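To keep things clear, I will list the structure first and then write my remarks on it.
Both backbone and side-chain heavy atoms feed into the values below; hydrogens, waters and symmetry mates do not. In this text, all values refer to a predicted model and were calculated from it rather than measured experimentally. In this chain, residues are counted from 1 in sequence order.
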Amino acid sequence: MIDAGRVIRSSIIASQIATHAPFGGVVPELASREHLDRIAPVVARALNEAGVALGQVDGIAVTKGPGLIGSLLVGISFAKSIAMVADKPIVGVNHIEGHIYSVVFENPPVEYPAVALIVSGGHTTLFLVPEEGSYAVLGRTRDDAAGEAYDKVAKLLGLGYPGGPVIDRLAKRGDSRAAELVFTLPRMESPNLDFSFSGLKTAVLRYVREKRIDPVVTGCDPDQKVIDLVASFQDKVIRSLLTRLRAAVRRHHPRTIILAGGVACNSALRSAVDTEDFGAPVHYPSPILTTDNAAMIAAAGYAKLARGENHGLEFTASASMRIDNVVLKGYEVPLRARYKV
Ligand code: KG4
Ligand code: ZN
């Protein structure tokens, strides 16, 4: 439940980490089943903690995509039913747009143009945001998302799921120059700010085989070789993110930089960004609003509801929903070519 677009009255997170951890990643079937079990009590608790009745809300926002179709459908069906019962407008929100809005609660208002780097388990995308609600993709990953690479490397090393927080913690004790990871990046034309993480993941796998590193036994402390390896891996990920973020800032001179999505929790990434002078403030959310949460979806939905949008009961889930609605010709942004998400 949020108020006035930027005040959180309640934010309930029903984490499924314990369900998926034994499998080292999200199991779609288990995810939708658990969504189904939890959605009604979570919404009831959100209203209860906010101290409002359903009839008092102005509108309902729900994630439309991208994501796992089963989980999206559970959310959309439930949201539509309460919108119908309470006779409220409803808007479908892009999950990535939600991450972009996750910064509104704890930072000064975003000034445009903005550059947004969204790094999560499913996406690694760099956007130019010329004005609120308009997005041009400057670069995206060609293979794995950064968070996915963290999770896969952690799985390979027996470090558990999700990998990001574990590697973040271990890397603090590691020497990032100790493990030499050799990999090549796919060829990318020069103005292109695309990312690639699968070569790095394969380099970790090769290193593990060459150096005969065994996966860490659950409950045991990893040895220094593993700690240095994850520090080296993380260092490469952060360099790759920062190089492209710097290039985007040089080209587009944003007035705000937005850093969001689960990987933006990473303490080394945050301190690297904090020590850099981008010529514009960097907005990022506190960790609890950086990983997936409903408040960010409500914030993105609020902006749509405030513009008078109501998607009614006809819209449905979109597993591969796109967000970019501004066509970049070279690096000129023709705003006339814009349409809303
Ligand atoms: O945004 P998010 O909660 O879900 C998606 O939309 O994917 O991001 C989850 C991802 C996972 O891959 C997780 O390993 C990563 O964010 N993550 C981190 C950290 N905390 C979560 N990656 C690096 N460092 C962290 N501290
Ligand atoms: Zn997310």
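Under the 4.5 Å side-chain criterion, counting only non-hydrogen atoms from C-beta, Arg255 is in contact with Pro113. In this structure, the side chains of Arg251 and Leu138 stay at 4.5 Å or more apart for every pair of heavy atoms. Within the 4.5 Å cutoff, side-chain heavy atoms of Gln16 are placed close to those of His35. The side-chain heavy atoms of Pro222 and Leu170, taken from C-beta on, include a pair separated by under 4.5 Å. Leu269 is not listed as a side-chain neighbour of Val237, based on a closest heavy-atom distance of 4.5 Å or more. Inter-residue side-chain proximity for Ile8 and Ile2 is flagged as met; some heavy-atom pair is nearer than 4.5 Å. Side-chain contact between Lys304 and Glu97 is present, with heavy atoms from C-beta onward closer than 4.5 Å. Side chains of Asn94 and Pro66 form a contact here, defined as non-hydrogen atoms less than 4.5 Å apart.
The backbone N or O of Ala146 sits less than 3.5 Å from a side-chain atom of Thr124, completing a donor-acceptor pair. In this structure, Glu106 contributes its side chain and Ser286 its backbone to a donor-acceptor pair below 3.5 Å. Of the possible polar contacts, one joining the Asp143 side chain to the Ser198 backbone as a donor-acceptor pair under 3.5 Å is found. Although no hydrogens or angles enter the test, the distance criterion places a donor-acceptor pair under 3.5 Å between the side chain of Lys80 and the main chain of Leu313. Arg142 places no side-chain N or O within donor-acceptor distance of the main-chain N or O of Ser196, the cut-off being under 3.5 Å. Looking only at distances, a side-chain donor or acceptor of Lys88 sits under 3.5 Å from a matching main-chain atom of Gly55. A donor-acceptor pair under 3.5 Å links the side-chain atoms of Ser232 to the main chain of Ser176, judged by distance alone. Judged by distance alone, with hydrogens and angles left aside, the side-chain atoms of Asp194 form a donor-acceptor pair with the main-chain N or O of Arg140 at under 3.5 Å. Within the 3.5 Å criterion, the main-chain N or O of Gly261 finds no donor-acceptor partner in the side chain of Ser120. Remark: side-chain polar atoms of His283 are not paired, donor with acceptor, to backbone N or O of Asn107 under 3.5 angstrom.
In this structure, Val93 and Ala61 approach most closely via the heavy-atom pair CG2-CB, 4.1 Å. Looking at every heavy atom in both residues, Ile60 comes nearest to Ala79 through CG2-CB, 4.0 Å. Here the closest non-hydrogen pair linking Pro285 and Thr290 is O-OG1, 3.1 Å. Across all their heavy atoms, Ser267 and Asp168 have their closest contact at OG-OD1, 2.6 Å. Contact record, Leu68 with Ala31: CD1-CB, 4.3 Å, taken as the closest heavy-atom pair. Here the shortest heavy-atom pairing between Pro162 and Ile17 reads CD-CG2, 3.8 Å.
Going from atom OG of Ser318 over to atom NZ of Lys64 covers 5.5 Å, rounded to the nearest 0.5 Å. Taken to the nearest 0.5 Å, the CG atom of Leu156 stands 8.0 Å off from the CG atom of Leu229. To the nearest 0.5 angstrom, Leu54 atom CG is 10.5 Å from Met1 atom CE. The line from CD1 of Ile96 to OG1 of Thr125 is 6.0 Å long, rounded to the nearest 0.5 Å. We find the OG-CG distance between Ser32 and Leu72 to be 10.0 Å, quoted to the nearest 0.5 Å. Atoms CG and CZ, from Leu245 and Phe278 in turn, are 4.0 Å apart once rounded to the nearest 0.5 Å.
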Full working for side chain to side chain contact (heavy atoms under 4.5 Å, CB included) between Val230 and Leu159: CA-CA 10 Å; Val230 295; Leu159 296 174; 3.9 Å; yes

Salt bridge (Lys or Arg N to Asp or Glu O under 4.0 Å) assessment of Asp223 paired with Lys225: CA-CA 6 Å; Asp223 72 31; Lys225 262 199 252 162; 5.6 Å; no

Stepwise side chain to side chain contact (heavy atoms under 4.5 Å, CB included) check, Val273 with Leu242: CA-CA 8 Å; Val273 162; Leu242 280 183; 3.8 Å; yes

Side chain to side chain contact (heavy atoms under 4.5 Å, CB included) between Ile213 and Val226, worked out: CA-CA 8 Å; Ile213 296 176; Val226 170; 3.6 Å; yes

Phe78 and Val62: CA distance, side-chain angles, deciding distance, side chain to side chain contact (heavy atoms under 4.5 Å, CB included) verdict: CA-CA 9 Å; Phe78 190 83; Val62 62; over 6 Å; no

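At a threshold of 4.5 Å between side-chain heavy atoms, the hydrophobic network of Ile, Leu, Val, Met, Phe, Trp and Tyr places Leu36 and Val27 in two separate groups. There is no path of hydrophobic side-chain contacts, each under 4.5 Å, that joins Val263 to Met296. Hydrophobic clustering (ILVMFWY, side-chain heavy atoms < 4.5 Å, transitive): Val137 and Tyr135 are in one cluster. When the side chains of ILVMFWY residues are joined at heavy-atom separations under 4.5 Å, either directly or via intervening members, Ile257 and Phe195 end up in a single hydrophobic cluster. Both Leu289 and Ile258 are part of a single hydrophobic cluster, where members link through side-chain heavy atoms under 4.5 Å apart.
For residues 149-169, the ring-ring contact (aromatic ring centres under 6.0 Å, His included) pairs, not counting sequence neighbours, are Tyr150-Phe233. For the ring-ring contact (aromatic ring centres under 6.0 Å, His included) condition, the pairs that include at least one residue of residues 89-112, sequence neighbours left out, are His95-His99.
Using a cutoff of 4.0 Å between basic side-chain nitrogens and carboxylate oxygens, Asp228 and Lys211 are not scored as salt-bridged. Under 4.0 Å is where a charged nitrogen must lie from a carboxylate oxygen, and between Arg239 and Asp235 at least one such pair does. Ion pairing between Glu210 and Arg206 fails under the 4.0 Å rule for side-chain N and carboxylate O.
With a 6.0 Å cutoff to the six-membered ring centre and a 45° limit on the axis angle, Lys236 does not count as a cation-pi contact of Phe197.
Val282 pairs with exactly one of Leu259, Asp274, Thr256 by the side-chain contact (heavy atoms from CB on, under 4.5 Å) rule, that one being Leu259.
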